[in-house]
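First the structure, in the form of structure tokens, and then the observations on it.
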Amino acid sequence: MNKVLLIIQREYVTRVRKKSFIIMIFVVPLLLLAMGGVIALVAKNSNQLSSLQVVNVLDNSKVFDGKFRDVSNIKFVRGDQDLNKAKATSKNDENISTLFIPADYAKKGGVQIFSKKKSAIQLTEEIEKQMNDIAINNSMLEHHIDPALVNTIKNTNINVNSVEITSTGDKDANIGPNIAIAIACSIFIYISLLIYGGQVMRGVIEEKTSRIIEVVISSVKPFQLMLGKIIGVGLVGLTQFSAWIILSVISSKIAGHAFNSPASPMTGILQTLQTIPFGYILSCFLFYFLTGYLLYSAMFAAVGSAVDSETETQQFMFPITMPLLFTYILSVSVLFRAPDSPLAVWLSIIPFTAPVAMMVRLPFDPPGWQLALSMAMMVIGFLFTTYVAARIYRVGILMYGKKASFKELGKWFFYKE
Amino acid sequence: MLSIRHIVKQYAGHRALNDVSLEVESGKIFGLLGPNGAGKTSLIRIVNQITAPDSGEVYFNGERLNQSHINRIGYLPEERGLYKKMEIGEQMIYLARLKGLSRDEANKRLKYWFEKLGIEGWWKKKIEELSKGMQQKAQFVATVMHEPDLIILDEPFSGFDPVNAEVIKDEILELNRKGATILFSTHRMESVEELCDSIALINKSQKILDGKVKHIRNSYRNDTYLIEYTGQQLNFDGTQPFEIVGDTLSEDDSHIIRIKLNGSHNSNDVLQYLIPRTRINMLQEVIPSMNEIFIEKVNHIS
């Protein structure tokens with residue numbers, strides 16, 4: 001057991017010391033921070049135009065003339081030139097637009113706005129809103145309705161809040177953030193299983209091609225070496241996650257101070273995010289990452305032991321990663337919309353697909369017995385693959401120059417020691 | 001020291017070892033000989049407990065071979081290598097610790113070895129920065145650092161230049177003098193006669209010969225001698241106590257002949273016959289070299 005610890009230590013220390021590892025630790029939270037910043041900035045900026053827009057109004061209908069209200073960054077000017085002249089002005093200055101209202105303004109496509117660049121959505125929306133208001137007001141006046149009265153009557157603001165009825169009581173079922181979390185978790189677990197499983201495989205290939213393997217297994221059993229490598233790399237993964245979580249929390253606190261004005265839409269998003277039980281999801285994530293990682297990395301180690309170079313791994317990698325890829329694609333396209341469908345339930349119980357499938361279902365509160373069954377299956381699953389992989393590994397690491405096939409691996413499995 | 005009894009090892013397609021038994025005496029240098037693919041590496045892997053035999057047993061100092069013996073064996077495989085990206089000092093310490101040394105002890109011994117081989121400056125170097133010969137030296141150090149009782153060397157001199165091969169040979173002999181038993185496997189016979197006390201010859205999964213080098217060579221004596229004489233070339237009429245084997249090698253007036261004794265005659269009879277007739281420069285018994293025995297045996301079997 002002491003020797004396994006030594007191997008774990010070596011695998012861990014050599015990886016953690018690498019520059020790429022240290023860089024990754026800082027790059028990812030920085031990227032998150034930058035992304036948050038960009039989102040906040042975009043959200044903030046789309047509220048108002050960046051510079052003052054002057055709108056030259058050419059109103060042939062005489063209905064709207066002089067009734068436009070200036071709002072921040074949009075100034076309406078009454079234009080008396082003819083259309084072509086006004087368009088020429090707009091062509092020269094991107095901050096001057098020309099609004100052309102024909103006599104028959106109600107006809108579809110009749111009202112046009114000309115500007116040097118494509119008009120900002122905000123600008124067109126503002127104009128549409130004001131014109132509609134003006135037109136409605138005019139109609140009401142024609143029918144002798146008091147617009148002021150109508151406005152006070154119209155002044156209600158009803159939002160529908162969807163509430164889920166559960167055994168523990170009613171709860172807020174705002175599913176937007178849930179979907180986001182579900183998809184983020186499944187992507188994250190899918191990528192991390194592949195990355196760290198791949199690291200185990202490359203480590204095995206490295207030992208095999210550098211021929212140190214025979215020296216090492218004259219000191220330890222092949223199973224100890226495989227186990228040490230898998231655990232060592234797994235710990236690297238956990239270290240990385242912990243560092244990311246800590247740094248992300250810190251950076252989001254900083255970001256929160258920097259970007260969060262009460263008016264910002266970020267605040268709204270952050271508030272809904274707070275309803276999600278992060279601790280619960282995080283601990284489930286860690287469980288599924290660990291068991292899924294043990295399950296897959298054992299298979300990756302067996303593949304690494306069977307080949308002489310990384311290019312030969314293709315034929316094995318595809319069938320092995322298929323269930324994972326399949327679930328991943330289903331998860332981001334279908335499963336989050338039907339988290340309690342039979343397909344989702346089955347996928348979240350089969351150990352090869354469960355890490356991704358269950359992470360998608362988790363924000364939608366799957367029944368407790370399904371979660372328990374899935375977790376038990378994960379443990380059984382990784383014990384099983386580790387057993388099978390270890391039997392292939394112990395033979396594979398000493399085989400050189402033999403083109404391995406699945407049939408060959410099957411034979412190795414039944415070799416006596 | 002090491003007693004290998006009736007080992008059978010079967011692989012999918014073929015039998016790698018067929019009822020092989022060997023005795024390696026304590027404190028001796030034992031050579032395991034055989035052509036490529038004869039089963040030497042399979043046998044060595046069994047002794048190292050990398051694989052297990054299908055039947056038969058191995059005893060280490062009288063005990064059935066088990067995990068506790070791993071730390072007392074040092075193994076230099078034929079296909080060797082080290083972690084390329086790891087610093088050499090750190091790597092040696094890691095390998096020594098896998099063999100059960102404490103970190104401090106490993107550190108101390110490694111310093112001793114580095115000084116001994118004059119490679120103190122390498123500690124922080126990565127393996128990929130070293131030449132092949134230097135890597136081999138490092139690998140040798142890793143093999144013997146935990147002071148094993150039994151050192152198993154598979155083709156130890158392959159990859160060494162003559163100078164370094166000599167350095168390593170001296171180190172092997174010194175370790176042997178200090179009490180280590182050495183089992184070394186090779187298909188290069190020259191090294192055997194110099195180094196080994198005993199050998200075993202393996203061919204096609206079978207042991208075909210074993211014993212002390214001296215005894216084996218003596219048992220292959222066949223009364224053949226080389227004689228060099230000066231003067232006129234002699235003609236033999238059939239009354240001489242020997243037969244001429246092969247051609248006479250002549251250079252100026254010195255001639256070398258190869259003879260085989262007739263019947264119960266000995267070398268003195270040969271001299272008595274020749275001395276009145278010519279001037280003898282040399283008479284030397286021809287004992288077959290291990291190389292010749294090896295080739296003869298292997299060809300004979302097949």
Side-chain angles (χ1 to χ4, degrees), chain A residues 1-15 17-21 202-225 228-229 232 308 393-402 404 407-417, chain B residues 8-13 41-42 44-55 67 69-87 90-103 106 126-128 135 138-140 142-143 145-146 148 150 152 154:
Chain A
M1 214 47 221
N2 197 16
K3 289 183 179 177
V4 179
L5 283 181
L6 264 173
I7 294 166
I8 295 173
Q9 193 187 11
R10 193 200 82 84
E11 297 292 339
Y12 182 80
V13 170
T14 50
R15 284 188 172 75
R17 256 200 237 141
K18 272 189 195 155
K19 278 196 203 87
S20 57
F21 176 84
R202 271 189 297 279
V204 173
I205 294 176
E206 185 207 346
E207 277 169 354
K208 202 180 161 185
T209 51
S210 73
R211 312 265 171 166
I212 192 171
I213 192 90
E214 203 164 340
V215 176
V216 176
I217 58 170
S218 71
S219 307
V220 300
K221 285 178 175 273
F223 180 67
Q224 291 177 310
L225 179 61
K229 183 172 286 295
D308 287 344
Y393 176 86
R394 84 209 146 114
V395 179
I397 45 174
L398 291 173
M399 292 280 178
Y400 289 101
K402 218 178 203 181
K407 202 176 143 203
E408 194 74 24
L409 297 195
K411 264 193 220 156
W412 295 354
F413 176 79
F414 291 108
Y415 271 9
K416 280 183 282 164
E417 223 176 286
Chain B
V8 175
K9 178 73 185 175
Q10 182 78 38
Y11 284 114
T41 302
S42 295
I44 285 176
R45 281 182 179 168
I46 288 170
V47 174
N48 276 303
Q49 302 178 58
I50 291 171
T51 53
D54 294 331
S55 69
Q67 289 289 313
H69 297 132
I70 278 180
N71 293 350
R72 296 166 64 188
I73 299 177
Y75 175 40
L76 183 70
E78 180 179 5
E79 295 286 1
R80 41 194 172 250
L82 296 162
Y83 290 108
K84 289 200 172 57
K85 308 252 176 225
M86 214 173 160
E87 282 172 14
E90 198 186 356
Q91 180 154 207
M92 301 282 105
I93 288 174
Y94 170 66
L95 291 173
R97 288 179 75 195
L98 282 184
K99 283 286 189 187
L101 286 191
S102 70
R103 179 187 281 278
K126 286 187 180 155
I127 294 294
E128 57 188 357
Q135 290 182 25
Q139 191 111 43
F140 178 78
T143 308
M145 220 164 90
H146 58 290
L150 175 64
I152 299 176
D154 200 350

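Numbered from 1 within each chain, the chains take letters A, B, ... in sequence-line order. In this text, all values refer to a predicted model and were calculated from it rather than measured experimentally.
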State whether the side chain of B:Lys99 and the backbone N or O of B:Ala142 hold a donor-acceptor pair below 3.5 Å, judged by distance alone. no
Between B:Thr143, B:Ile152, B:Leu95, B:Leu98, which shows the greatest number of heavy-atom pairs under 4.5 Å with chain A? B:Leu98
Cut-off 4.5 Å, heavy atoms of chain A, and the answer for B:Gln10 is neither
Roughly how far apart are B:Tyr75 OH and B:Ile50 CD1, rounded to 0.5 Å? 5.0 Å
Under a 3.5 Å distance rule, please check whether B:Lys84 uses its side chain to pair with a backbone N or O of A:Ser210 as donor and acceptor. no
Could you check whether B:Arg45 pairs with A:Glu214 (Lys NZ or Arg NE/NH1/NH2 to Asp/Glu carboxylate O, under 4.0 Å)? yes
Heavy-atom proximity to chain B below 4.5 Å, by part of A:Leu398: both
Heaviest contributor of heavy-atom pairs below 4.5 Å to chain A, chosen from B:Gln139, B:Arg97, B:His146, is B:Arg97
Residues A:Gln9 and B:Tyr94: side-chain donor-acceptor under 3.5 angstrom: no
Side chain, backbone, both or neither: which part of A:Val220 has an atom under 4.5 Å from a heavy atom of chain B? side chain
